[in-house]
Trainee: 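So that we are looking at the same thing, I have put the structure below in structure tokens.
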Amino acid sequence: MAKKPLQVVTNLDLTRYAGRWYEIASFPSFFQPKDGTDTRATYTLNDDGTVHVLNETWSKGKRVHIEGTAYKADPKSDEAKLKVKLYVPPFLPVIPVVGDYWVVFVDEEYRFAVVGQPSRRYLWILSRTNELNEETYNQLVEKAKEEGYDVSRLHKTPQTNPPPESPPKDDTKGSLFKSLLGK
């Protein structure tokens, strides 16, 4: 039986969506370290309407990260269907890897979000803070379930308080690509 098309947010305000989001839970994926903690994304609106993406996690006590650009899949659509272009390896931006980033839900205050993609292979539950009460978490899980996600695959992301600080922007050690290769 075919799943219904994934419903996404309309009229997403990228200015309000920009900023730091903490990963509260996600489906495990090959492109994130299995032992990652304090995973977060920081989105910065660029002058051209695209979004700078900085994804960070800590693995074995070290920061690993990758940067890229997000943009509307269809500039004429009001749907929150974005594409994210990351360069692999990040220290030699030659090979772009492009993926879908669809905002399935964001609350009115832009505090919580559910993000996925059309095949439903990936799912992220995000929050502006690195902690989320169980009631809100369960409501977000239910929203994902309503959209056809197998929420039994969700893995809660360990977060510490206070969260670690990011090193200077010119830090190129610890790229996500290197961590996936076990370097």
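The first residue of the sequence shown is numbered 1, and numbering continues consecutively from there. Both backbone and side-chain heavy atoms feed into the values below; hydrogens, waters and symmetry mates do not.
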Trainee: Quick check: do Gln32 and Glu23 have side-chain heavy atoms less than 4.5 Å from each other?
Mentor: yes

Trainee: Answer yes or no: is there a donor N or O on one side and an acceptor on the other, between the side chain of Arg121 and the main chain of Phe27, under 3.5 Å?
Mentor: no

Trainee: Taking all atoms of both residues into account, what is the closest heavy-atom pair of Leu132 and Ser127, and its distance?
Mentor: CD1-OG, 4.0 Å

Trainee: Backbone N or O of Phe112 within a donor-acceptor pair of the Asp107 side chain at under 3.5 Å?
Mentor: yes

Trainee: Measuring only between side-chain heavy atoms, which start at C-beta, is Trp21 closer than 4.5 Å to Arg128?
Mentor: yes

Trainee: Counting only N and O atoms by type, is there a donor-acceptor contact under 3.5 Å from the side chain of Thr57 to the main-chain atoms of Thr37?
Mentor: yes

Trainee: Do other residues, nucleotides or ligands put more than 12 heavy atoms under 6.0 Å from Glu135 CD?
Mentor: no

Trainee: Is it true that Tyr149 and Tyr122 fall in one hydrophobic cluster, defined by side-chain heavy atoms closer than 4.5 Å?
Mentor: no

Trainee: Would you kindly say whether Ser59 and Asp35 are connected by a side-chain donor-acceptor distance under 3.5 Å?
Mentor: yes

Trainee: Let me confirm one number: the CG-OG1 distance from Asn55 to Thr42, rounded to the nearest 0.5 Å.
Mentor: 8.5 Å

Trainee: Say whether, by atom type as modelled, one donor and one acceptor occur between the side chain of Asn46 and the main chain of Asp48 under 3.5 angstrom.
Mentor: no

Trainee: Is there a path of hydrophobic side-chain contacts, each under 4.5 Å between heavy atoms, that joins Leu6 and Trp124?
Mentor: no

Trainee: What do the steps show when you test Tyr110 against Leu12 for side chain to side chain contact (heavy atoms under 4.5 Å, CB included), and what is the final call?
Mentor: CA-CA 10 Å; Tyr110 284 65; Leu12 181 71; 3.7 Å; yes

Trainee: For the residue pair Tyr101 and Tyr17, categorise the inter-ring angle as parallel (less than 30°), tilted (30 to 60°) or perpendicular (more than 60°).
Mentor: perpendicular

Trainee: Enter the distance from Ile125:CD1 to Ile24:CD1 here, rounded to the nearest 0.5 Å.
Mentor: 9.0 Å

Trainee: Taking all non-hydrogen atoms of both residues, which atom of Arg40 and which atom of Pro163 are closest, and how far apart?
Mentor: NH1-CB, 3.9 Å

Trainee: In plain terms, say whether Lys4 and Glu147 are close enough for a salt bridge, that is, a side-chain N and a carboxylate O under 4.0 Å apart.
Mentor: yes

Trainee: Indicate, with yes or no, if Val8 and Leu14 share a hydrophobic cluster defined by side-chain heavy-atom contacts under 4.5 Å among Ile, Leu, Val, Met, Phe, Trp and Tyr.
Mentor: no

Trainee: Following the transitive rule for hydrophobic clusters with a side-chain heavy-atom cut-off under 4.5 Å over Ile, Leu, Val, Met, Phe, Trp and Tyr, establish whether Val114 and Val141 coincide in one cluster.
Mentor: yes

Trainee: Please report the shortest heavy-atom distance between Arg153 and Arg120, naming the atom on each side.
Mentor: NH1-O, 4.0 Å

Trainee: Linking I/L/V/M/F/W/Y whenever any side-chain heavy atoms sit under 4.5 Å apart, do Leu126 and Val53 land together?
Mentor: yes

Trainee: Looking only at non-hydrogen atoms, find the nearest pair between Gly116 and Val104 and report the distance.
Mentor: N-CG2, 4.0 Å

Trainee: Look at the side chain of Asp38 and the backbone N and O of Thr160, then say whether any donor-acceptor pair between them is shorter than 3.5 Å.
Mentor: yes

Trainee: Do Leu54 and His65 make a side-chain contact, defined as non-hydrogen atoms from C-beta onward lying under 4.5 Å apart?
Mentor: yes

Trainee: Is any side-chain N of the basic residue among Asp100 and Lys81 closer than 4.0 Å to the acidic one's carboxylate O?
Mentor: no

Trainee: Can a donor-acceptor pair be found, under 3.5 Å and without considering hydrogens, that links the side chain of Glu79 to the backbone of Lys72?
Mentor: no

Trainee: Okay, side chain of Gln117, backbone of Trp102: is any donor-acceptor separation there less than 3.5 Å?
Mentor: no

Trainee: With a 4.5 Å limit on heavy-atom distance, are the side chains of Tyr137 and Leu154 in contact?
Mentor: yes

Trainee: Write down the atom of Pro158, the atom of His155, and the distance for their closest heavy-atom approach.
Mentor: CD-NE2, 4.5 Å

Trainee: Specify the closest pair of heavy atoms between Asp150 and Ser152, including all atoms of both residues, with the distance to one decimal.
Mentor: OD1-OG, 2.5 Å

Trainee: Starting at CD of Gln139, measure out to CZ of Phe105 and round the result to the nearest 0.5 Å.
Mentor: 8.0 Å

